[in-house]
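Every value quoted in this text rests on a predicted model; they were computed, and no experiment measured them. Lettering of chains follows the sequences in order, A, B, ..., and the numbering in each one begins at 1.
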Number of protein chains: 2
Amino acid sequence: MSLRMALLGLLAVSGPASGYDLTKLFEKSISHAWHARHSQIYPELNKMAADGLVTVQEEGPRGRKGYAITEEGSRRLREWLVGTEHFRPVRDEGALRAFLLPMLEPPEAVALLRGEAERYGAKLAALEEFDRAKAREGKSGFGRYALDLGIRQMRMMRDWAEETADRIERDDRG
Amino acid sequence: MSLRMALLGLLAVSGPASGYDLTKLFEKSISHAWHARHSQIYPELNKMAADGLVTVQEEGPRGRKGYAITEEGSRRLREWLVGTEHFRPVRDEGALRAFLLPMLEPPEAVALLRGEAERYGAKLAALEEFDRAKAREGKSGFGRYALDLGIRQMRMMRDWAEETADRIERDDRG
DNA sequence: TCCTTCATGTAACCTGTTACATGATTCC
DNA sequence: GGAATCATGTAACAGGTTACATGAAGGA
């Protein structure tokens, strides 16, 4: 369902687009929220067309198909957003690794955490730069709230990794 | 791979256990990090036994099989933890919904966010209580770092939802 | 005796990944 | 003419969910 909704959302914001366009848009605009490849996007668009959520509005060169969101698609998207059934089972590899951390020797765990802190810091910097670029362009900022969330997430993870490394070092020495 | 590692981790901490035990342990100890059902756990344990990561150590009543982690299993777990290839594609429904939020009328979006903030607050309270209970028992706290991470996550999400709701209300009025 | 809990499994289906496959257009 | 990019797809497999299926043991 989420993939469908992401595609409908992108079509709603960007206007008509092909599977190819949507694949790139995914990468460019919501890669920090949801990920999908063309091999999943193309079949999904065909199913969505069969279900009346999108229509093929125009056919271009090289077999290009320009999809547009329908009334029905727009209605479904809104319904899904407002709907309250959004408890999905947690599956967070970072948290799982955190859980298993005590299996390692303290110095190993500390090294691991310092490395992760660095990677989270790098992603944080990238998102902050993206945010600044958007602000400069004065974009209406469709992804503004999600970007803010992404920044908070990266900051939280970086701080957790750093502070947990400190804590393990302290406990190891003390 | 993650499910395997979670099972190996639980076996390492708890000692020998059956698929049934592990299903409950999953629920009880790492539900905020990883989720799995018995229908996935039983076949996985069989495959892991075939791969030599666990062994059936004892057979009890009602066809119960007590699994124990092997040397090889322990080695593989440690290897996986230290290995650096842990970039998995983001797939975060909360963030996706955040991205799509501007599709709604401001009052709708605000109501949605207030509701989410409340649910995150409730989960935060539950994790904090769990943490206090563990501290009281004086447990060595295998899941200590993961629990700390979970608490930070819930707090971050709650604050984001609350502050984004405030922001949308301000923008709507101003 | 009956209910609950213990205990293990399978089958159909959905979501997503990796790799393979093909061909048109445009730009140099 | 050749390379890059545009453009769409399929097949095999891995991971996960839902529902179905079965039966033994223990406690009231």
Per atom distances to the A/Tyr20 side chain, the nearest of D/dT5, D/dT17, C/dG9 is D/dT5

Could you state the [atom1]-[atom2] distance from [X] to [N], rounded to the nearest angstrom?
X	N	atom1	atom2	answer
B/Met48	D/dG15	CE	C1'	15 Å
B/Met1	D/dG16	CE	C1'	15 Å
B/Arg64	D/dG26	CZ	P	12 Å
A/Glu59	D/dC6	CD	C1'	16 Å
B/Lys24	C/dT5	NZ	C1'	9 Å
B/Glu93	C/dG16	CD	P	10 Å
B/Leu22	C/dC6	CG	P	14 Å
B/Leu45	D/dG15	CG	P	14 Å

Atom of [X], atom of [Y] and distance for their closest heavy-atom approach:
X	Y	result
B/Leu96	A/Ala33	N-CB, 3.9 Å
A/Ala12	B/Met103	CB-SD, 3.8 Å
A/Gly52	A/Glu72	O-CB, 3.7 Å

Should A/Arg91 be listed as having a side-chain N or O under 4.0 Å from OP1 or OP2 of D/dT17? yes

Between C/dG9 and B/Lys65, is there an OP1 or OP2 to side-chain N/O distance shorter than 4.0 Å? yes

Does this structure show an ion pair linking [X] with [Y], if we count only N-O contacts that are shorter than 4.0 Å?
X	Y	answer
A/Arg64	A/Asp21	yes
A/Glu116	A/Arg97	yes
A/Asp159	A/Arg155	no
B/Lys65	B/Glu59	no
B/Asp51	B/Arg4	yes

From the list A/Arg167, A/Arg114, A/Arg119, salt bridge (charged side-chain N to carboxylate O under 4.0 Å, His left out) with A/Glu162 holds only for A/Arg114

For a salt bridge (charged side-chain N to carboxylate O under 4.0 Å, His left out) with B/Glu129, tell me which candidate from B/Arg136, B/Lys134, B/Lys123 qualifies. B/Arg136

How long is the gap from CD on B/Glu128 to CE on B/Met154, to the nearest 0.5 Å? 11.5 Å

Near DNA chain C, which residues from residues 27-44 of chain A have a heavy atom under 4.0 Å away? A/Trp34, A/His35, A/Arg37, A/Ser39, A/Gln40

Positions of residues 5-19 of chain A (non-hydrogen atom under 4.0 Å from DNA chain D), listed by number: A/Ser18, A/Gly19

Does A/Ser2 or B/Asp21 map to a spot on DNA chain C nearer the 5' end, using the closest nucleotide for each? B/Asp21

With the sugar-phosphate defined as primed atoms, P, OP1 and OP2, and the base as all remaining atoms, what B/S/- string results for nucleotides 22-28 of chain C, 5' to 3', for protein heavy atoms under 4.0 Å? -BBB---

B/Glu79, CD: over 12 other non-hydrogen atoms inside 6.0 angstrom: yes

